[in-house]
Amino acid sequence: MTAVKKGERPLKVVFYDKQSKQISAVNDRDMDTTVWDISYDPETNKTYAASYSENEQSKNIEKANRTQTELIPPKNQIVEIDNNSMEQRSVIELENEQILRLTARGEQILIATARHINKDPVEYSLINIKTGERQRIDLPIKARSGLFLSKDGKGVYFLGVSEKEDNGRGIYFYDFNTQRMEPIFLQINGFINNFRLIPSDS
């Protein structure tokens, strides 16, 4: 989970041991890096965290206010955390792009990014976890959050709007290979505030 320790400001990746009831934070002494989003891959027992420097973001905010220009995001980084050893490895760094959401399954990470904070358009990319190679993809969807890769990494569940269907906001599944869109639950059947894809063995 991500949490803020008492008396501190940055969001950190935090692990809770149910047996010992102890909490341990990753990079506990780092008072600058904030973790914006995390994703857990149950097949590899690894966590992926998107983070940025609060100092850099503060400087960007000052510059945007002073020049009356768009707010440019600070450098965003995705780090792989081994949940057993707590070892970390950088996967990719993005300049002047905000990572809105990341989801990891099937040896790849799907990210939603924006060039300006709180501004459209949203772009989507697949990242090879081993090499860090990035491939931008054109998805017929509108979703800033609520993105979850399927177990095999060949499709994505999302909460948003399909550009292929005229069904409005809802939860959909999009298959990368067939490019087919499947409505799962539409908002006309009830308001959707958020949703979570819970991994299963099947």
Side-chain angles (χ1 to χ4, degrees), residues 1-42 44-104 109-125 127 129 132 134 143-149 158-160 193-198:
M1 61 180 172
T2 56
V4 177
K5 295 181 68 176
K6 186 177 180 179
E8 297 181 4
R9 177 181 171 84
L11 274 165
K12 298 180 178 179
V13 177
V14 175
F15 290 91
Y16 177 70
D17 190 308
K18 292 189 293 184
Q19 293 184 338
S20 66
K21 297 184 179 179
Q22 295 295 314
I23 292 177
S24 59
V26 178
N27 298 331
D28 200 15
R29 297 182 180 180
D30 187 343
M31 295 295 115
D32 178 48
T33 302
T34 276
V35 176
W36 179 254
D37 193 22
I38 60 173
S39 179
Y40 172 67
D41 188 340
T44 60
N45 194 31
K46 292 180 179 178
T47 298
Y48 297 87
S51 62
Y52 62 86
S53 163
E54 289 208 344
N55 288 335
E56 185 182 350
Q57 175 157 280
S58 295
K59 291 178 181 177
N60 289 0
I61 292 172
E62 284 182 20
K63 182 178 179 181
N65 290 337
R66 185 176 66 254
T67 60
Q68 294 297 296
T69 55
E70 297 281 4
L71 176 56
I72 303 297
K75 180 174 67 178
N76 277 227
Q77 181 183 33
I78 297 176
V79 173
E80 177 187 80
I81 305 169
D82 188 303
N83 289 11
N84 293 320
S85 66
M86 294 296 125
E87 290 184 0
Q88 300 177 58
R89 179 180 67 89
S90 177
V91 177
I92 194 172
E93 293 184 358
L94 304 182
E95 295 285 348
N96 301 329
E97 285 185 85
Q98 179 189 19
I99 297 175
L100 305 170
R101 172 70 180 147
L102 81 159
T103 170
I109 301 171
L110 173 67
I111 57 172
T113 60
R115 296 283 178 176
H116 299 97
I117 293 179
N118 298 325
K119 295 280 187 178
D120 288 331
V122 175
E123 299 176 336
Y124 305 95
S125 301
I127 299 169
I129 289 177
R134 178 184 185 182
R144 299 179 69 90
S145 60
L147 292 162
F148 299 94
L149 280 172
F158 69 94
L159 172 59
N193 183 52
N194 206 339
F195 92 105
R196 173 72 58 177
L197 183 67
I198 300 175

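Only this structure's heavy atoms are used, side chains among them; waters, hydrogens and symmetry mates stay out.
Under the ring-ring contact (aromatic ring centres under 6.0 Å, His included) criterion, F148 pairs with F195, sequence neighbours left out. The salt bridge (Lys or Arg N to Asp or Glu O under 4.0 Å) check on K5 picks up D28, with sequence neighbours excluded. For R134, the side chain to side chain contact (heavy atoms under 4.5 Å, CB included) criterion is met by I92, L94, E97, I111, T113, S125, I127, R136, not counting sequence neighbours. Listed by chain and number, the residues in a side-chain hydrogen bond (donor to acceptor under 3.5 Å, both in side chains) with R9 are E54 (sequence neighbours excluded). A search for side chain to side chain contact (heavy atoms under 4.5 Å, CB included) contacts involving N194 returns nothing, not counting sequence neighbours.
With contacts defined as side-chain heavy-atom distances shorter than 4.5 Å, the pair L11/W36 does not qualify. Taking the side chain as every heavy atom from C-beta outward, I129 and R89 approach each other to under 4.5 Å. Between I81 and V13 the shortest side-chain heavy-atom distance falls below 4.5 Å.
N55 contributes no side-chain N or O that, together with a main-chain N or O of D32, makes up a donor-acceptor pair within less than 3.5 Å. Of the possible polar contacts, none joining the Q88 side chain to the V79 backbone as a donor-acceptor pair under 3.5 Å is found. Between the side chain of N76 and the backbone N or O of P74, at least one donor-acceptor pair lies under 3.5 Å.
Here the closest heavy-atom approach between residue D37 and residue L100 is recorded as OD2-O, 4.3 Å. Annotation for V122 and A143: closest pair CG1-O, 3.9 Å, computed over non-hydrogen atoms.
Ionic pairing of R144 and D120 is present here: one or more N-O contacts between side-chain nitrogen and carboxylate oxygen are shorter than 4.0 angstrom. The pair K75-E56 fails the salt-bridge criterion, with no side-chain N (NZ, NE, NH1 or NH2) lying under 4.0 Å from an Asp/Glu carboxylate O. One finds no salt bridge joining D41 and K46 here, because no Lys/Arg side-chain nitrogen approaches an Asp/Glu carboxylate oxygen to under 4.0 Å.
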Side chain to side chain contact (heavy atoms under 4.5 Å, CB included) between E123 and R115, worked out: CA-CA 9 Å; E123 299 176 336; R115 296 283 178 176; 3.9 Å; yes
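Listed by first and then second residue, the salt bridge (Lys or Arg N to Asp or Glu O under 4.0 Å) pairs that reach into residues 16-27 come to none, sequence neighbours excluded.
Here I38 contributes atom CD1 and T103 contributes atom OG1; the two are 12.0 Å apart, rounded to the nearest 0.5 Å. The structure places CG of L102 at 10.0 Å from CG of L147, a figure rounded to the nearest 0.5 Å.
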